[in-house]
Amino acid sequence: MVSEGNKSGTPIFILIGFSEYPEIQVPLFVVFLFVCTVTAVGNLGTIIIIKINSKLHIIMYFFLSHLSLVDFCYSKLLENLVVEDRSISFSGCIIQFCFACIFAVTETFMLAAMAYDRCVAVCKPLLYTTIMSQKLCALLVAGSYTWGIVCSLTLTYFLLELSFCESTLINNFICDHSVIISASYSDPYITQLIRFIIAIFNEVSSLIIIVTSYMLNFITIMKIPSASGRQKTFCACASHLMAITIFHGTILFLYRIPNPKNSSLIVKVASLFYTVVIPMLNPLIYSLRNKDVKSMFEKLVDTKLIYYRI
């Protein structure tokens with residue numbers, strides 16, 4: 001239930017973004033428009049290619065299609081980056097945070113599930129199809145979405161218990177948990193504590209799965225007698241390892257910032273990276289390293305060109 005402070009009037013938040021740097025507004029607009037377009041097209045294209053190409057109807061691409069779906073939804077939330085009016089209602093800000101939290105937590109555990117998948121593929125290749133059954137894969141994906149929803153609703157509930165001024169400037173480009181709290185005049189101790197517990201649990205548990213999986217992968221790869229065999233096996237994991245490094249590296253960097261209020265520019269740049277750049281990079285990282293995906297993409301482009309010529 002929304003607190004009394006919110007009943008007297010509907011709060012309006014104004015996302016400052018990078019507006020304090022007017023000299024770069026036009027270049028930023030062009031860059032954001034390009035990135036959001038590439039992100040939407042890249043992730044939607046990846047989903048379509050996996051759907052229509054029977055060669056890609058395997059477990060790894062089942063996870064990748066859901067990762068692309070999460071990143072595509074992220075790109076739809078960031079449309080305010082390319083609009084002139086940066087004001088957003090309280091309910092709009094809460095909804096944006098709610099969905100952004102769902103997608104962020106879901107991606108965290110989707111990457112962990114993909115790490116487990118690669119571990120089974122490398123360490124237990126003969127038992128791979130038995131261990132990674134359709135039922136288990138569906139449970140891993142459903143579990144990632146479900147836990148994302150649980151975390152989001154929990155944090156949103158405690159945010160709604162706070163009171164807010166009718167009009168507040170938010171020094172960011174997205175309705176993040178910390179910036180919503182900064183717009184409140186209530187004591188944020190409980191909601192900050194809940195956020196800390198959830199964030200630590202999610203990061204530590206997912207990293208334990210990822211680090212353990214890749215330690216087992218490394219041990220197994222080093223036991224392969226031929227250098228070409230080791231290289232081929234490592235390349236099968238390289239794309240996922242790159243995506244994990246970028247995603248978790250950015251999150252851990254944000255945790256290391258001692259005082260977000262005094263480092264607002266760094267926080268905004270880092271937030272921009274994991275909410276905008278990473279969703280754009282994921283389809284490029286995975287797709288450009290796969291021959292089947294690249295050939296399918298080339299066929300779609302050729303078909304499109306022939307269609308327009310006709």
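In what follows, residues are counted from 1 in the order of the sequence shown.
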Only distances under 3.5 Å count here; give the side-chain donor-acceptor pairs of residues 27-37 to other protein atoms, sequence neighbours excluded, each with its distance to 0.1 Å.
{"unit_1": "Thr37", "atom_1": "OG1", "unit_2": "Leu33", "atom_2": "O", "d": "2.7"}

Distance-only check: which donor-acceptor pairs under 3.5 Å involve side-chain atoms of residues 116-137, not counting sequence neighbours?
{"unit_1": "Asp117", "atom_1": "OD1", "unit_2": "Tyr128", "atom_2": "OH", "d": "2.4"}
{"unit_1": "Ser133", "atom_1": "OG", "unit_2": "Leu136", "atom_2": "N", "d": "3.3"}

Report all side-chain donor-acceptor pairs from residues 217-225 shorter than 3.5 Å, counting only partners two or more places apart or in another chain.
{"unit_1": "Thr220", "atom_1": "OG1", "unit_2": "Leu216", "atom_2": "O", "d": "2.9"}

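The minimum heavy-atom distance linking Thr46 with Ser68 is given by the pair CG2-OG, 3.4 Å. Shortest non-hydrogen contact noted between Phe72 and Ala40 is CD1-O, 3.5 Å. The two residues Ala115 and Tyr214 make their nearest non-hydrogen contact at CB-CE1, 4.0 Å. When every heavy atom of Thr106 is checked against every heavy atom of Ser144, the shortest pair comes out as OG1-O, 3.4 Å. Minimum interatomic distance between Ser65 and Ile47 (heavy atoms only, all atoms of both residues): O-CG1, 3.7 Å. Annotation for Ala104 and Phe247: closest pair O-CZ, 4.0 Å, computed over non-hydrogen atoms.
Ring geometry for Phe97 against His177 counts as tilted: the plane angle lies between 30° and 60°, on a 0 to 90° scale.
For Ser152 (side chain) and Gly148 (main-chain N/O), no donor-acceptor pair under 3.5 Å exists by modelled atom type. Side-chain N or O atoms of Ser163 include none that pairs as donor or acceptor with a backbone N or O of Ser186 at under 3.5 Å.
Here the straight-line distance linking atom NE2 of His57 with atom CD1 of Ile52 works out to 8.5 Å at 0.5 Å rounding. Going from atom CZ of Phe99 over to atom SG of Cys175 covers 13.5 Å, rounded to the nearest 0.5 Å. To the nearest 0.5 Å, atoms CG (Leu155) and CD1 (Ile181) are separated by 9.0 Å. Between the CG atom in Leu67 and the CG atom in Leu69 there is a gap of 9.5 Å [rounded to 0.5 Å]. Rounded to the nearest 0.5 angstrom, Ile88 CD1 and Ile95 CD1 are separated by 8.5 Å. Expressed to the nearest 0.5 Å, how far CD1 of Ile12 lies from CZ of Phe164 amounts to 13.0 Å.
When hydrophobic side chains of Ile, Leu, Val, Met, Phe, Trp and Tyr are connected at separations under 4.5 Å, Val211 ends up clustered with Met215.
With sequence neighbours excluded, the residues forming a side chain to side chain donor-acceptor pair (under 3.5 Å) with Ser91 are Ser89, listed by chain and number. Partners of Tyr145 by ring pair (Phe, Tyr, Trp, His ring centres under 6.0 Å), not counting sequence neighbours, listed by chain and number: His66. The side chain to side chain contact (heavy atoms under 4.5 Å, CB included) test applied to Tyr189 returns Asp187, Leu193, not counting sequence neighbours. Remark: Ala100 pairs with Tyr74, Leu77 by the side chain to side chain contact (heavy atoms under 4.5 Å, CB included) rule, at least two apart or across chains. For Phe158, the side chain to side chain contact (heavy atoms under 4.5 Å, CB included) partners two or more places apart in sequence, or in a different chain, are Thr154, Ile190, Thr191, Ile194. Under the side chain to side chain contact (heavy atoms under 4.5 Å, CB included) criterion, Leu153 pairs with Cys98, Ile149, not counting sequence neighbours. Residues satisfying the ring pair (Phe, Tyr, Trp, His ring centres under 6.0 Å) test with His248, not counting sequence neighbours, are none. Evaluation of the side chain to side chain donor-acceptor pair (under 3.5 Å) rule for Asn202 yields Trp147 as partners, not counting sequence neighbours.
In Gln231, the CD atom is not crowded: 12 or fewer heavy atoms of neighbouring residues, nucleotides or ligands sit closer than 6.0 Å.
Under the 2.5 Å SG-SG cutoff, Cys101 and Cys151 do not qualify as a close cysteine pair.
Hydrophobic clustering (side-chain heavy atoms under 4.5 Å, transitive across Ile, Leu, Val, Met, Phe, Trp, Tyr) groups Ile49 together with Phe63. Clustering ILVMFWY residues whenever any of their side-chain heavy atoms sit less than 4.5 angstrom apart, transitively, puts Ile278 in the very cluster that holds Ile244. Both Leu281 and Val70 belong to a single network of hydrophobic side chains, linked directly or stepwise wherever heavy atoms of I, L, V, M, F, W or Y lie under 4.5 Å apart. Linking ILVMFWY residues whenever their side-chain heavy atoms come closer than 4.5 Å, directly or via other members, places Ile94 and Tyr157 in the same cluster. Linking ILVMFWY residues whenever their side-chain heavy atoms come closer than 4.5 Å, directly or via other members, places Phe103 and Met114 in the same cluster.
Side-chain contact between Leu111 and Ser206 is absent, with no heavy atoms from C-beta onward closer than 4.5 Å.
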